[in-house]
Amino acid sequence: MNIVIVGCGYVGLVSGACLARLGHHALCIDLDRDRIEALKKGHCPIFEPGLTELIREGLQNGHLAFAHQMPALTSAVDLVLIAVGTPPAANGEDADLSGIFAVGREIAQKAVGKVLVVTKSTVPPGTGDALEDLIQRLRPDLAVAVASNPEFLREGSAIDDFLKPDRIVVGANEHCASLALRRLYHPLTEQGSPLVNTARTAAEIIKYAANAFLALKITFINEIADLCDATQVDVREVAQGIGHDRRIGPDFLRPGPGYGGSCFPKDTRALASTARKYGVALSLVEEAIASNERRKKAMGAKVASALGGDLRGRHIAVLGLSFKPDTSDTRDSPATALIASLLSQGALISACDPEARLEEPELTSAIEREKDPYQCAKNADCVVLATEWKSFLKLDFARLAAAMRTPLMVDLRNALDHAKLARCGFRTVGLGIPPHRPVTLRATTLRRPVAQVAFAPVSVLNGSKRQQLAQPQ
Ligand code: UGA
């Protein structure tokens, strides 16, 4: 089939490259000329494992093309897929749909005879109705159908999620739209991927409900982890014990520093706000949003408590900035909230991430950025694992401990082997798991008890920050 995809962001590019892989012809368009020129040369603007290779494959075999203008939408085009961003609106709650409606107006200009429009972007219920009304109002002569086909791609594993989906959701009110989308996904359904056919608005709600449910699940296990801390129980045993129940399932039961990213925080807020407009109270979703915010803030206090309460002048090395591994995305990343909290308590921060960098200039200028995790941990009082990148899990922990002033590991992902860390000289703190003390006391840990060390107050980090980091007086 011939598809025009509007928006060369994360969703548009993954969809275009994967649809090309499935044998369709995808023309991806974006207003950003530089982005399009780079893509034409096979340079992918985002970090997503496997995406560059897939884009290059599509360019080479002629199934994928890029342009900065929408072509005439003649009968040669089977469908137009909208994959533009729906970021939070100015009120911080609703989704900003201006991009969707701008594309709708352009489609109304370029369509010839009839057009099938498919929204992949995450939109509140009723958006498909409004989009169809808009196009029809601008072009009463046109036969227009709008369908909803939400994506369930996870950053970091998006290619696999697209090509081996748990399910494909097609929300269409017209039979012809539903048939076209069944043809589009035939290469996947014939391999066994289930396709759920629903009404258009139901598909829009499915996307929000799926993300909100997963956000609830994470929030639930995070709160249970707090209870496990208080009762000295290992939350991993609890997660295993409940996860074997098929009605609950084992996934998304890993405690962490709060869910982040460009989807869960934004979509839960938009869902709760939409429901309020309909006079419906989604109290569980509202509470998950509040609980997650509290949790992100609590992580700074957790690190402070592990270090005896006073963070002034203490050097903390933060491993991981992205909201999860295998992505450079730091939007709503718990690491950002953590660093802001630690800085406000007077700590000195060095940070390391294989791909991500912080967007906030005030944080970037206040921290020391290191490429090498061992350098990052040099003379540190504490290492915090904020994001569980594989490269961090495979570190030489004896070497890391030797580089530090006091080997303390706060593992905010419960991703490390704490018994092994203890054998390497670390004291460890996790989330709802028992703390470990160093098994063999190393010379480095015996130097001085932390509580007896006085630190020079350092209010601003600049210039030779490395030398200023937590020098005992
Ligand atoms: C999420 C959904 O999983 C996708 O299905 C959906 O398509 C996407 O949003 C979207 O709306 O576009 P994503 O944001 O890429 O995908 O990331 P997830 O893997 O779902 O993780 C979200 C957050 O939850 C991360 O901060 C992660 O660290 C956290 N998490 C996840 C936990 O803290 N514990 C877990 O057990 C799982």
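Counting convention: from 1, in listed order, for ligands and their atoms alike.
- Contacts of Lys324 with ligand 1, taken as heavy-atom pairs under 4.0 Å, involve the side chain alone.
- Considering backbone and side-chain atoms alike, Cys263 places every N or O at 3.5 Å or more from each N or O of ligand 1.
- Among all protein heavy atoms, the one lying closest to atom 34 (N) of ligand 1 is Arg254 O, 2.8 Å.
- The proximity of Asp267 to ligand 1, defined as any non-hydrogen pair under 4.0 Å, is limited to the side chain.
- Phe426 and Phe397 have perpendicular rings, their planes meeting at more than 60° on a 0 to 90° scale where under 30° would count as parallel.
- In Phe220, the CZ atom is not crowded: 12 or fewer heavy atoms of neighbouring residues, nucleotides or ligands sit closer than 6.0 Å.
- With respect to atom 1 (C) of ligand 1, the closest heavy atom belonging to the protein is Phe264 CE2, 3.5 Å.
- The ligand atoms of ligand 1 that sit less than 4.0 angstrom from a heavy atom of Tyr259 are 23 (C), 24 (O), 26 (O).
- Between Glu155 and ligand 1, a contact under 3.5 Å exists for at least one N or O pair.
- Shown in contact with Leu253 at under 4.0 Å from a heavy atom are these atoms of ligand 1, numbered in order with element: 36 (O).
- The pair Arg56-Glu53 does not meet the salt-bridge criterion, since no charged nitrogen lies less than 4.0 angstrom from a carboxylate oxygen.
- Lys217 and Asp251 are not joined by a salt bridge, as no carboxylate oxygen comes within less than 4.0 angstrom of a charged side-chain nitrogen.
- Where the criterion is an N or O separation shorter than 3.5 Å, residue side chain and backbone included, Phe152 meets it with respect to ligand 1.
- Salt bridge absent: Arg369 and Asp353 never bring a charged side-chain N and a carboxylate O closer than 4.0 Å.
- Considering both main-chain and side-chain atoms, Phe323 comes within under 3.5 Å of ligand 1 through a nitrogen or oxygen pair.
- Salt bridge Glu132/Arg200: present, at least one basic N to carboxylate O contact under 4.0 Å.
- Shortest non-hydrogen contact noted between Met1 and Arg183 is CG-NH2, 3.4 Å.
- Salt bridge present: Asp161 and Arg154 bring a charged side-chain N and a carboxylate O closer than 4.0 Å.
- With no hydrogens or angles considered, no side-chain donor-acceptor pair links Asn414 and Asp411 at under 3.5 Å.
- Ring geometry for His63 against His25 counts as parallel: the plane angle stays under 30°, on a 0 to 90° scale with 60° as the upper cut.
- Ligand 1 is approached by Leu153 to a heavy-atom distance shorter than 4.0 Å.
- Residue contacts with ligand 1, taken as heavy atom pairs separated by less than 4.0 Å, involve Arg413 solely via side-chain atoms from C-beta onward.
- At a heavy-atom cutoff of 4.0 Å, ligand 1 is contacted by the side chain of Ile218 but not by its backbone.
- The pair Arg254-Glu388 meets the salt-bridge criterion, since a charged nitrogen lies less than 4.0 angstrom from a carboxylate oxygen.
- Looking from atom 26 (O) of ligand 1 to the surrounding protein, the closest heavy atom is Gly260 N, 3.0 Å.
- Only side-chain heavy atoms of Asn211 come within less than 4.0 Å of ligand 1; its backbone N, CA, C and O stay farther off.
- The shortest N or O to N or O distance between Glu151 and ligand 1 is below 3.5 Å.
- Residue contact annotation: Lys217 has no non-hydrogen atom under 4.0 Å from ligand 1.
- For a threshold of 3.5 Å applied to N or O pairs, the pair formed by Arg154 and ligand 1 contains no separation below that value.
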